[in-house]
2 protein chains.
Amino acid sequence: MTQDVKEIFALPGGPQAGRAGAPPAPAALAAKVRTLAPSMTRSMQRVAEAVAGDPAGCAALTVTGLAELTGTSEATVVRTARLLGYPGYRDLRLALAGLAAQQQSGRAPAITTDIAVDDPIADVVAKLAYDEQQTLADTAAGLDTVQLGAAVAAAAVARRIDVYGVGASGLVAQDLTQKLLRIGLIAQAHSDPHLAVTNAVQLRAGDVAIAITHSGSTGDVIEPLRVAFEHGATTVAITGRPDGAVAQYADHVLTTSTARESELRPAAMSSRTSQLLVVDCLFVGVAQKTYETAAPALAASYEALAHRHRR
Amino acid sequence: MTQDVKEIFALPGGPQAGRAGAPPAPAALAAKVRTLAPSMTRSMQRVAEAVAGDPAGCAALTVTGLAELTGTSEATVVRTARLLGYPGYRDLRLALAGLAAQQQSGRAPAITTDIAVDDPIADVVAKLAYDEQQTLADTAAGLDTVQLGAAVAAAAVARRIDVYGVGASGLVAQDLTQKLLRIGLIAQAHSDPHLAVTNAVQLRAGDVAIAITHSGSTGDVIEPLRVAFEHGATTVAITGRPDGAVAQYADHVLTTSTARESELRPAAMSSRTSQLLVVDCLFVGVAQKTYETAAPALAASYEALAHRHRR
DNA sequence: TCACGTATGAAAGATATTTTCGGCTCGGTG
DNA sequence: CACCGAGCCGAAAATATCTTTCATACGTGA
């Protein structure tokens, strides 16, 4: 373990050269190379150059590989690593990998452009993921927690909960319903406008009606909400247009975010993501408030499903 | 250079297990650990846990060091590295260094705590949004674009597309179907297992069957996929367990990420987010490939809906 | 309880890294 | 112009690290 450091101390730069930065440089490698270049010998410069020029590529090479690439020897590579402040090549290589990763991730946020017809599939994945993350952040930032709290409070003690949504929003309505049912509440999703209205008539004070519509102007969803509203139920609207028609009949409005859309990226995609986050928040809020009954109910439904899984 | 990879292929997961991601994961390591954890042995889990928990720390250790730290042997460490998709420990270590560097540059993962019963509603929103963003990032990082590309190619030219999913995954199946229908493809979601099987019998070469199941072991979904597979259809599995039973009958496996769950945050929540992203990518990919017909179809369906919106 | 298959770690074997050591070049000097 | 010395350089030995093999222990189902 006791290393013989004789040689390094005999280098032209003097005793100081090797340890300019006591902690081996993290990312300032290119700078270090430039700084130390004058005190390097020709072969070492070649190595340093290669390393600074293509960190990722060099990280993939062994000492021998890098030595061959630069037309030098293993010993020179190791000496260069030492000069740059690392105990040996192994550690330089590790730092190189880190640097490469940073450069890689730093390049990432360049994806502000829209999805094009000829984008490679990997770009599609990156862009969609990025956009949906953005949508989530926007939604969380724009969500009115007071309104949400009120909606949660009403839902937690409701006799029954009706959820209206058609098209893509219909799936969100079903998602919410499924989860509420799982914690023992009485919830029902309606995507048939006629049945929705027919059912809305049954609602009364203490019940909760939730309408989900991105546009805020979907008649099929507004109508049952209006009926529920007029029958005294607590009404909630989850919409991207808080000033839309649906808001007239809503006691509480939860706003979803609206992202730019395009031909290949229909609005339904980001509105759905946004709606689901709101619905999740609503659900978790209710689950908190009804924890006494919710916890065992969740456990029970989990149990019930276990046997449907194959070994 | 020709490695003897006999042992890795003898793992319980079968031939598929080791190559979940052909390109060794760069940043999707934590996600990959969670995904593969179930198929790991106890000792391997200890290693994987250490690696996922402290990438920077582990990157500084040699095989022997990590083996000692986790109370296992070098062999186990190497085996774990292999399972995670790297040729050996050396490469895992490099990836670890990269990951550490990324974490370093990226801000501290502020919110790691779970959602508690008494969290104020604002915290719930923040935590859920953060978790779902994380899930999206993990999914995107872990998605095999080759498999995705293959699935897209098959779906784009399919005579018909059947999608199977029950429970929460059923909604995802419907979401995909809705969108595919919008661009003029023939797609059908099945959540009734009997009808699904009955329909699967009709499939033949050139058709595509897609099974969506988080657990990878939902019999109700595997069965129709098996039938479709045996009738010559191209089969795709979207699952969180790429080594699960569903994979046997899948030509292409698309892996969704698995996030930690808790009482108040059922697994269904993040798996749904993950599944939706995958499904969106699939959809956009198909839309690209069929752009000629998809664009007018999208416009037409948009038109058709316009009159259902109130002034 | 036994038999079987799997998981595991010790140690041998293979690679990669580090060190040693001697040749070589280059610039100065008699 | 020959000689000398300082320091650069790489081949190869020595060491550390990683990988593979193999025998054993363990758990599991019959």
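Being a predicted model, the structure only gives us computed values, none of them experimental. A, B, ... follow the sequence lines: proteins, then strands. Residue 1 opens every chain.
Whole-Å rounding puts the E68(A) CD to dA16(C) C1' distance at 13 Å. Atom CG in L94(B) sits about 10 Å away from atom P in dC18(D), given to the nearest Å. At whole-Å resolution of the value, CG in L66(B) and C1' in dT19(D) are 15 Å apart. Per the geometry, CZ belonging to R79(B) stands 9 Å off P belonging to dA7(C), to the nearest Å. As a whole-Å value, the separation of L92(B) CG from dT17(D) P is 17 Å.
Residue T41(B) has no polar side-chain atom (N or O) positioned under 4.0 Å from OP1 or OP2 of dA7(C). Side-chain N/O atoms of R93(B) include one lying less than 4.0 angstrom from OP1 or OP2 on dC18(D). Of the side-chain N and O atoms in R82(B), one or more sit less than 4.0 angstrom from OP1 or OP2 of dT20(D). OP1 or OP2 of dT8(C) has at least one side-chain nitrogen or oxygen of S43(B) nearer than 4.0 Å.
Between Q133(A) atom CD and E132(B) atom CD the span is 11.0 Å, to the nearest 0.5 Å. To the nearest 0.5 Å, the span separating CG on L94(A) from CG on L94(B) amounts to 6.0 Å.
Among L203(B), D207(B), V208(B), the one residue that satisfies the side chain to side chain contact (heavy atoms under 4.5 Å, CB included) test with T234(B) is V208(B). Between T80(B) and the options L83(B), L84(B), V77(B), a side chain to side chain contact (heavy atoms under 4.5 Å, CB included) holds for only L84(B).
Nucleic acid contact for G71(A): sugar-phosphate only, since backbone atoms but no base atoms lie under 4.0 Å from a heavy atom of the residue.
DNA chain D is contacted by T62(B), V63(B) of residues 48-63 of chain B, taking any non-hydrogen atom closer than 4.0 Å.
For dG27(D), the base has no donor-acceptor partner in the side chain of R42(B) [N/O atoms by modelled type, under 3.5 angstrom].
For V78(A), taking side-chain heavy atoms from C-beta onward, the closest of the listed nucleotides dT8(C), dT20(D), dT18(C) is dT18(C). The nucleotide whose nearest atom lies closest to any side-chain atom of R90(B) is, among dA7(C), dC18(D), dG10(D), dC18(D).
Nearer the 5' end of DNA chain C, as judged by each residue's closest nucleotide, is the contact made by T76(B), out of T76(B) and Y89(A). Taking the nucleotide of DNA chain D with the nearest heavy atom to each of E74(A) and G88(B), the more 5' of the two is matched to E74(A).
A salt bridge is absent between R46(A) and E49(A): the closest approach of a Lys/Arg side-chain nitrogen to an acidic carboxylate oxygen does not fall below 4.0 angstrom.
The shortest side-chain heavy-atom distance between R79(B) and T41(B) does not fall under the 4.5 Å cut-off.
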**Message:** With side chain to side chain donor-acceptor pair (under 3.5 Å) as the criterion, how do S43(A) and T72(A) come out once you've worked through the C-alpha distance, each side chain's angles and the decisive distance to 0.1 Å?
**Reply:** CA-CA 6 Å; S43(A) 325; T72(A) 64; over 6 Å; no
**Asked** Are S73(B) and T76(B) close enough, and set up right, to give a side chain to side chain donor-acceptor pair (under 3.5 Å), and what steps lead you there?
**Response** CA-CA 5 Å; S73(B) 68; T76(B) 301; 3.3 Å; yes
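Rounded to 10°, the angle separating the first-five-pair axis and the last-five-pair axis of the helix from dT1(C)-dA30(D) to dG30(C)-dC1(D) equals 0°.
In plain terms, the two heavy atoms of R93(B) and A60(B) that are nearest each other are NH2-O, 3.8 Å.
Side-chain atoms of R82(B) come within 3.5 Å of backbone N or O of P87(B) as a donor-acceptor pair.
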